[in-house]
Amino acid sequence: MELKIFEGFAGYGGGSFALKRIKKLYPNFEYNVIGYSEKDKYASELFDLNHKDKNNNPIKNYGDFTKINPQDLPDFDMFIAGFPCQPFSYAGEKQGFNDEIRGTLFFDICRILEYHKPPMVFLENVKGLKSHEKGKTLNIIMEKLEELGYFPHWTILSSLDYGLPQKR
């Protein structure tokens with residue numbers, strides 16, 4: 001079975017790089033990135049240089065995530081996204097959901113999930129999300145995912161454990 005995957009807030013394609021790494025470890029793992037969303041011109045150029053569909057064509061970029069009409073997306077089995085972390089980061093201003101530009105993008109994810117209901121969702125953010133607003137922000141995210149029919153689980157991973165030369 002081939003998983004159809006949509007990558008939100010793709011940047012240069014960190015999720016797609018992870019999928020390629022999984023494919024190397026498990027050659028029978030079949031997936032197809034059916035689209036991605038990235039509004040930054042330079043990040044999109046990097047994504048397009050590094051990731052192609054099975055026919056070596058560019059993967060469709062749906063642009064600004066907040067402007068995506070869920071009906072315009074094809075069906076997919078897995079949604080992956082590293083939604084903006086600045087509102088929850090120790091290095092950021094910690095405005096959380098009060099950051100009207102980046103802090104509310106999780107709710108745009110919910111809008112897409114509510115329409116498509118993919119069986120699997122993988123969201124990535126910073127360690128500070130756990131303690132932001134004394135845990136209230138993470139609780140809101142978990143509760144919303146439960147309302148959408150998911151069984152959310154979270155964990156903190158260190159990039160050092162995955163061969164990356166940084167501690168984040």
Side-chain angles (χ1 to χ4, degrees), residues 1-86 88 102 105-127 129-130 138 141-142 144-166 168:
M1 177 184 143
E2 177 182 84
L3 286 177
K4 293 182 275 180
I5 298 169
F6 185 83
E7 186 171 358
F9 310 99
Y12 66 91
S16 290
F17 277 118
L19 292 165
K20 287 178 181 181
R21 194 168 182 184
I22 292 168
K23 177 74 174 167
K24 281 185 181 180
L25 292 171
Y26 303 97
N28 292 331
F29 173 62
E30 297 296 329
Y31 72 94
N32 181 21
V33 178
I34 55 94
Y36 76 98
S37 169
E38 179 53 56
K39 69 178 188 175
D40 182 271
K41 173 186 169 186
Y42 301 108
S44 299
E45 287 175 6
L46 281 173
F47 188 102
D48 293 342
L49 285 171
N50 287 300
H51 309 290
K52 306 284 184 205
D53 70 12
K54 290 181 177 184
N55 298 318
N56 207 32
N57 295 315
I59 297 168
K60 182 171 180 168
N61 180 0
Y62 287 84
D64 185 339
F65 197 82
T66 64
K67 296 179 180 166
I68 294 175
N69 180 343
Q71 296 174 347
D72 293 339
L73 297 177
D75 287 333
F76 50 92
D77 306 303
M78 179 184 242
F79 176 81
I80 57 177
F83 61 103
C85 61
Q86 295 91 335
F88 315 109
R102 297 171 295 196
L105 293 172
F106 167 74
F107 299 105
D108 283 296
I109 291 172
C110 294
R111 181 175 55 82
I112 300 295
L113 296 179
E114 186 170 27
Y115 182 84
H116 279 277
K117 299 186 183 340
M120 294 173 276
V121 177
F122 183 86
L123 303 176
E124 180 271 334
N125 210 280
V126 292
K127 183 179 178 180
L129 184 63
K130 177 188 173 207
L138 183 58
I141 289 171
M142 294 290 120
K144 186 62 181 167
L145 290 170
E146 284 180 16
E147 287 174 20
L148 292 170
Y150 295 99
F151 301 94
H153 171 75
W154 64 268
T155 190
I156 295 175
L157 303 173
S158 171
S159 58
L160 286 173
D161 296 333
Y162 298 92
L164 299 174
Q166 58 186 355
R168 295 185 74 175

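- Residues Leu73 and His116 meet the side-chain proximity criterion, which asks for heavy atoms closer than 4.5 Å.
- Between His153 and Met142 there is no side-chain heavy-atom pair separated by less than 4.5 Å.
- Between the side chain of Asn57 and the backbone N or O of Asp53, no donor-acceptor pair lies under 3.5 Å.
- The shortest distance between side-chain heavy atoms of Leu123 and Phe106 falls below 4.5 Å.
- Remark: the backbone N or O of Tyr42 is paired with a side-chain donor or acceptor of Asp40 at under 3.5 angstrom.
- Side-chain contact check for Leu19 versus Ile80: some heavy-atom pair is nearer than 4.5 Å.
- Summarising the geometry of Tyr62 relative to Pro74, their closest heavy-atom pair is OH-CD, 3.2 Å, with the distance given to 0.1 Å.
- A side-chain donor-acceptor contact under 3.5 Å links Ser37 to the backbone of Gly63.
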Anything under 3.5 Å between a donor and an acceptor, one on a side chain of residues 4-18, the other on a protein residue two or more places apart or in another chain? List them.
from: Glu7; atom 1: OE1; to: Ser16; atom 2: N; distance (Å): 3.2
from: Glu7; atom 1: OE1; to: Ser16; atom 2: OG; distance (Å): 2.6
from: Glu7; atom 1: OE2; to: Gly15; atom 2: N; distance (Å): 2.9

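- Considering CD1 of Ile34 and CG of Leu3, their distance stands at 12.0 Å, rounded to 0.5 Å.
- Contact check for Phe65 versus Ile109: side-chain heavy atoms found under the 4.5 Å cut-off.
- Interatomic distance, CZ of Phe122 versus CD of Glu124, reported as 7.0 Å (0.5 Å rounding).
- If you take OH on Tyr115 and CG on Asp72, they are separated by 9.0 Å, rounding to the nearest 0.5 Å.
- Of the possible donor and acceptor atoms, one in the side chain of Asn61 sits under 3.5 Å from a partner among the backbone N and O of Glu38.
- Counting only heavy atoms from C-beta outward, the side chains of Lys24 and Phe29 never approach each other to under 4.5 Å.
- The side-chain heavy atoms of Leu105 and Asp108, taken from C-beta on, include a pair separated by under 4.5 Å.
- The structure places CZ of Phe76 at 11.5 Å from NZ of Lys117, a figure rounded to the nearest 0.5 Å.
- Remark: the Tyr36 side chain and the Asp48 side chain contain an N/O donor-acceptor pair separated by less than 3.5 Å.
- A pairwise comparison of heavy atoms in Phe151 and Gly149 identifies CE1-O, 4.1 Å as the closest pair.
- Residue Asn50 holds its CG atom at 10.5 Å from CD1 of Ile59, rounded to the nearest 0.5 Å.
- The neighbour count for Lys67 NZ, taken as heavy atoms of other residues, nucleotides or ligands under 6.0 Å away, does not exceed 12.
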Let's go through Arg111 and Glu114 carefully: what are the C-alpha distance in whole Å and the side-chain angles of both, what is the deciding distance for salt bridge (Lys or Arg N to Asp or Glu O under 4.0 Å) to 0.1 Å, and is it a yes or a no? CA-CA 5 Å; Arg111 181 175 55 82; Glu114 186 170 27; over 6 Å; no
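- With a 6.0 Å radius and a threshold of 12 heavy atoms from other residues, nucleotides or ligands, Arg21 has its CZ atom at or below the threshold.
- Atom CG of Leu49 is separated from atom NZ of Lys52 by 6.0 Å, given to the nearest 0.5 angstrom.
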